[in-house]
Amino acid sequence: MMDLSREYWTRVFEPSLKFWESGMTPNPDVWCHKEVKFGVLLDRLVPGLLNTPWLAPGHYANKDWKYDNGVPRPRLLRPRDVTKDQTYYLSSVPERSLFRALFPLGSITKTEVRELAVKWNLPTAARQESMGIMGEKRKFHDLISQYIPPKPGPIIDLETGLQVGEHAGLWNFTIGQGAKVKGLKERTFVVRKDIPKNIIYVVPGTGYMHNP
């Protein structure tokens with residue numbers, strides 16, 4: 001067992017907090033894979049008999065090799081089970097780390113994995129998938145509000161220019177996501193964040209195409 005909680009805090013969570021507090025949207029999942037799972041962890045693995053430690057995570061992804069002037073280079077590929085494709089989270093993993101990665105689940109489906117876990121009576125057979133930052137079960141707002149104080153601002157309908165609500169902080173919203181605005185019956189979506197003015201812009205419905 002290797003405790004990398006401090007590395008996660010300093011390399012992933014603290015930088016993410018700075019982004020959220022500034023009104024931008026970071027991607028801690030991608031950073032975690034690059035900095036911790038395929039960064040610090042690989043660097044700390046003790047060399048084996050062949051002097052090259054390998055990492056076999058439980059990601060749904062595949063890998064093959066492409067030769068560049070006779071030199072093998074790893075390529076990240078989608079898994080057989082495209083509904084569980086996790087290559088996005090691995091997209092920033094450096095080549096030197098991908099070189100030492102193995103993906104045993106790349107050729108089987110999630111359903112088949114569950115069946116094998118049941119067959120072998122593994123304790124993870126019925127375990128739910130972990131979601132959220134740091135595997136937290138708390139809602140995003142409840143977690144982040146422990147570290148970032150509220151910064152209220154207006155929510156404005158981009159089409160009418162009218163204020164339709166108030167937000168507690170830009171970090172609660174991501175462009176493209178649905179926005180629950182108290183008092184509005186129609187569903188709205190975030191289309192713009194004015195960071196200097198601390199304004200969230202939304203539009204109703206699902207057919208709006210936004211060009212920044």
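Numbers here are sequence positions counted from 1. Basis for what follows: all heavy atoms, side chains included, without hydrogens, waters or symmetry-related copies.
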Engineer: Please tell me whether Ile195 and Ile148 are part of a single hydrophobic cluster in this structure, the criterion being side-chain heavy atoms less than 4.5 Å apart.
Structural biologist: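 Yes, it is one cluster - the side chains of Ile195 and Ile148 are joined through contacts under 4.5 Å.
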Engineer: When rounded to the nearest 0.5 angstrom, what distance separates NZ in Lys37 from OH in Tyr89?
Structural biologist: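 Output value for this atom pair is 10.0 Å.
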Engineer: Does a donor on one side chain and an acceptor on the other come within less than 3.5 Å for Glu21 and Trp171?
Structural biologist: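 Trp171 and Glu21 do not have a side-chain donor-acceptor pair below 3.5 Å.
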Engineer: Please indicate whether Phe103 has more than 12 foreign heavy atoms, meaning atoms of other residues, nucleotides or ligands, lying under 6.0 Å from its CZ.
Structural biologist: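 Atom CZ in Phe103 is crowded, with more than 12 foreign heavy atoms closer than 6.0 Å.
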Engineer: Quick one: closest heavy-atom pair of Tyr201 and Leu158, and the distance?
Structural biologist: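 It is CD2-CD1, 3.7 Å.
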Engineer: Let me check something: do Val113 and Val118 share a hydrophobic cluster, defined by ILVMFWY side-chain heavy atoms less than 4.5 Å apart, either directly or through other members?
Structural biologist: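 Different clusters: Val113 never reaches Val118 through Ile, Leu, Val, Met, Phe, Trp or Tyr contacts under 4.5 Å.
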Engineer: If every non-hydrogen atom of Pro26 is compared with every non-hydrogen atom of Ser16, which pair is closest and at what distance?
Structural biologist: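 Closest heavy-atom pair between Pro26 and Ser16: CG-O, 3.7 Å.
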Engineer: Which residue pairs pass the side chain to side chain donor-acceptor pair (under 3.5 Å) test when at least one of the two sits in residues 61-77, sequence neighbours left out?
Structural biologist: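 Checked against side chain to side chain donor-acceptor pair (under 3.5 Å) - neighbours excluded - the pairs reaching residues 61-77 are Asp64-Arg75, Asp68-Arg73, Arg73-Glu95.
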Engineer: Relative to each other, are the rings of Phe13 and Tyr147 parallel, tilted or perpendicular (30° and 60° limits)?
Structural biologist: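 Taking Tyr147 first and then Phe13, their aromatic rings stand perpendicular (interplane angle over 60°).
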Engineer: What residues form a salt bridge (Lys or Arg N to Asp or Glu O under 4.0 Å) with Lys84, not counting sequence neighbours?
Structural biologist: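 Partners of Lys84 by the salt bridge (Lys or Arg N to Asp or Glu O under 4.0 Å) criterion, ordered by chain and then number, come out as Glu129.
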Engineer: Residues in salt bridge (Lys or Arg N to Asp or Glu O under 4.0 Å) with Asp85, at least two apart?
Structural biologist: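 With neighbours one apart ignored, the set is Arg78.
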Engineer: Quick check on the hydrophobic clustering: are Leu4 and Val12 connected, directly or via other members, by side-chain heavy-atom contacts under 4.5 Å?
Structural biologist: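 Yes.
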Engineer: What do the steps show when you test Ile156 against Val202 for side-chain contact (heavy atoms from CB on, under 4.5 Å), and what is the final call?
Structural biologist: CA-CA 6 Å; Ile156 294 178; Val202 299; over 6 Å; no
Engineer: Between the side chain of Thr188 and the main-chain N/O of Ala179, is any donor-acceptor distance below 3.5 Å?
Structural biologist: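 Pair found, side chain donor or acceptor close to backbone of Ala179.
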Engineer: CZ of Arg114 to CD1 of Ile108: how many Å apart, nearest 0.5 Å?
Structural biologist: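 Reported to 0.5 Å precision, the distance equals 12.0 Å.
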Engineer: Taking only residues two or more places apart in sequence, or in another chain, which ones meet Asp81 in a side-chain hydrogen bond (donor to acceptor under 3.5 Å, both in side chains)?
Structural biologist: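 Asp81 satisfies side-chain hydrogen bond (donor to acceptor under 3.5 Å, both in side chains) with Thr83 once adjacent residues are dropped.
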Engineer: Are Leu98 and Leu76 side-chain neighbours, meaning at least one heavy-atom pair lies under 4.5 Å?
Structural biologist: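 Yes, at least one pair of side-chain atoms sits under 4.5 Å.
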Engineer: Give a yes or no answer on whether the side chain of Ser97 reaches the backbone of Phe38 with a donor-acceptor pair at less than 3.5 Å.
Structural biologist: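 Yes; judged by distance alone, with no hydrogens or angles, the pair exists.
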Engineer: Is a side-chain N or O of Asp157 found less than 3.5 angstrom from the main chain of Gln163, in a donor-acceptor match?
Structural biologist: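 No, the answer is negative, given that no donor and acceptor are paired below the 3.5 Å cut-off.
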Engineer: Anything under 30° is parallel, anything over 60° is perpendicular, the rest tilted; go ahead and classify Phe19 against Trp31.
Structural biologist: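 Rings of Phe19 and Trp31: perpendicular, over 60°.
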Engineer: Apply side-chain hydrogen bond (donor to acceptor under 3.5 Å, both in side chains) to Asp3 and list each qualifying residue two or more places apart in sequence or on a separate chain.
Structural biologist: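 side-chain hydrogen bond (donor to acceptor under 3.5 Å, both in side chains) check on Asp3 returns Ser5.
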Engineer: Please check this pair: side chain of Gln86 against backbone of Tyr60, looking for a donor-acceptor N/O pair closer than 3.5 Å.
Structural biologist: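 Yes.
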Engineer: Could you check if a side-chain atom of Pro204 sits within less than 4.5 angstrom of a side-chain atom of Arg187, using non-hydrogen atoms only?
Structural biologist: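 The answer is no; the side chains never approach within 4.5 Å.
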Engineer: Just wondering, do Pro196 and Asp194 contact through their side chains at under 4.5 Å, heavy atoms?
Structural biologist: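 Sidechains of Pro196 and Asp194: in contact.
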Engineer: Tell me, with the steps shown, if Met2 and Leu41 meet side-chain contact (heavy atoms from CB on, under 4.5 Å).
Structural biologist: CA-CA 8 Å; Met2 191 181 298; Leu41 177 58; 3.7 Å; yes
Engineer: Working to the nearest 0.5 Å, report the span between CD1 of Ile144 and CG of Leu17.
Structural biologist: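 So the gap between those two atoms works out to 5.5 Å.
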Engineer: Any side-chain heavy atom of Pro154 within less than 4.5 Å of one from Glu166?
Structural biologist: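 No, every pair of side-chain atoms sits at 4.5 Å or beyond.
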Engineer: Kindly give the heavy-atom pair with the smallest separation between Pro79 and Ala61, and that separation in Å.
Structural biologist: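 Looking at all heavy atoms of both residues, the shortest contact is CB-N, 3.6 Å.
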Engineer: State the CZ-CG distance between Arg44 and Leu42, to the nearest 0.5 angstrom.
Structural biologist: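 The CG atom of Leu42 is 12.0 Å from CZ of Arg44, to the nearest 0.5 Å.
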Engineer: I'd like to know if Leu170 and Phe140 are part of one continuous hydrophobic network [Ile/Leu/Val/Met/Phe/Trp/Tyr, side-chain heavy atoms within less than 4.5 Å].
Structural biologist: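 Same cluster: Phe140 reaches Leu170 through Ile, Leu, Val, Met, Phe, Trp or Tyr contacts under 4.5 Å.
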Engineer: Hey, is the main chain of Thr109 close enough, under 3.5 Å, to the side chain of Glu112 for a donor-acceptor pair?
Structural biologist: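 At least one qualifying donor-acceptor pair exists.
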Engineer: Kindly check if the number of other-residue, nucleotide or ligand heavy atoms within 6.0 Å of NZ (Lys110) is above 12?
Structural biologist: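 Check passes, neighbour count above 12.
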Engineer: Should His59 and Leu90 be marked as a side-chain contact (heavy atoms from CB on, under 4.5 Å) after you check the CA-CA gap, both sets of side-chain angles, and the distance that decides it?
Structural biologist: CA-CA 9 Å; His59 289 77; Leu90 302 170; 3.9 Å; yes
Engineer: Start with the C-alpha distance between Thr25 and Lys193, add both sets of side-chain angles, then the distance that settles side-chain contact (heavy atoms from CB on, under 4.5 Å), and finish with yes or no.
Structural biologist: CA-CA 10 Å; Thr25 302; Lys193 297 165 73 171; 3.5 Å; yes
Engineer: Under a 4.5 Å cut-off applied to non-hydrogen side-chain atoms, are Ile175 and Arg192 in contact?
Structural biologist: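 Counting from C-beta outward, Ile175 and Arg192 never come under 4.5 Å.
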Engineer: With a 6.0 Å cut-off on ring centres, are Trp20 and Phe173 close enough?
Structural biologist: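 No, the ring centres sit 6.0 Å or more apart.
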Engineer: Is there a continuous path of hydrophobic side-chain contacts, each under 4.5 Å between heavy atoms, that joins Leu143 to Met24?
Structural biologist: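 Shared cluster, yes.
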Engineer: So, Asn172 side chain and His167 main chain: donor-acceptor pair closer than 3.5 Å or not?
Structural biologist: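 Checking the backbone N and O of His167 against the side chain of Asn172, no donor-acceptor pair under 3.5 Å is found.
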Engineer: Filter on side chain to side chain donor-acceptor pair (under 3.5 Å), then keep only pairs touching residues 174-184, sequence neighbours left out; what's left?
Structural biologist: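 Residue pairs passing side chain to side chain donor-acceptor pair (under 3.5 Å), neighbours aside: none found.
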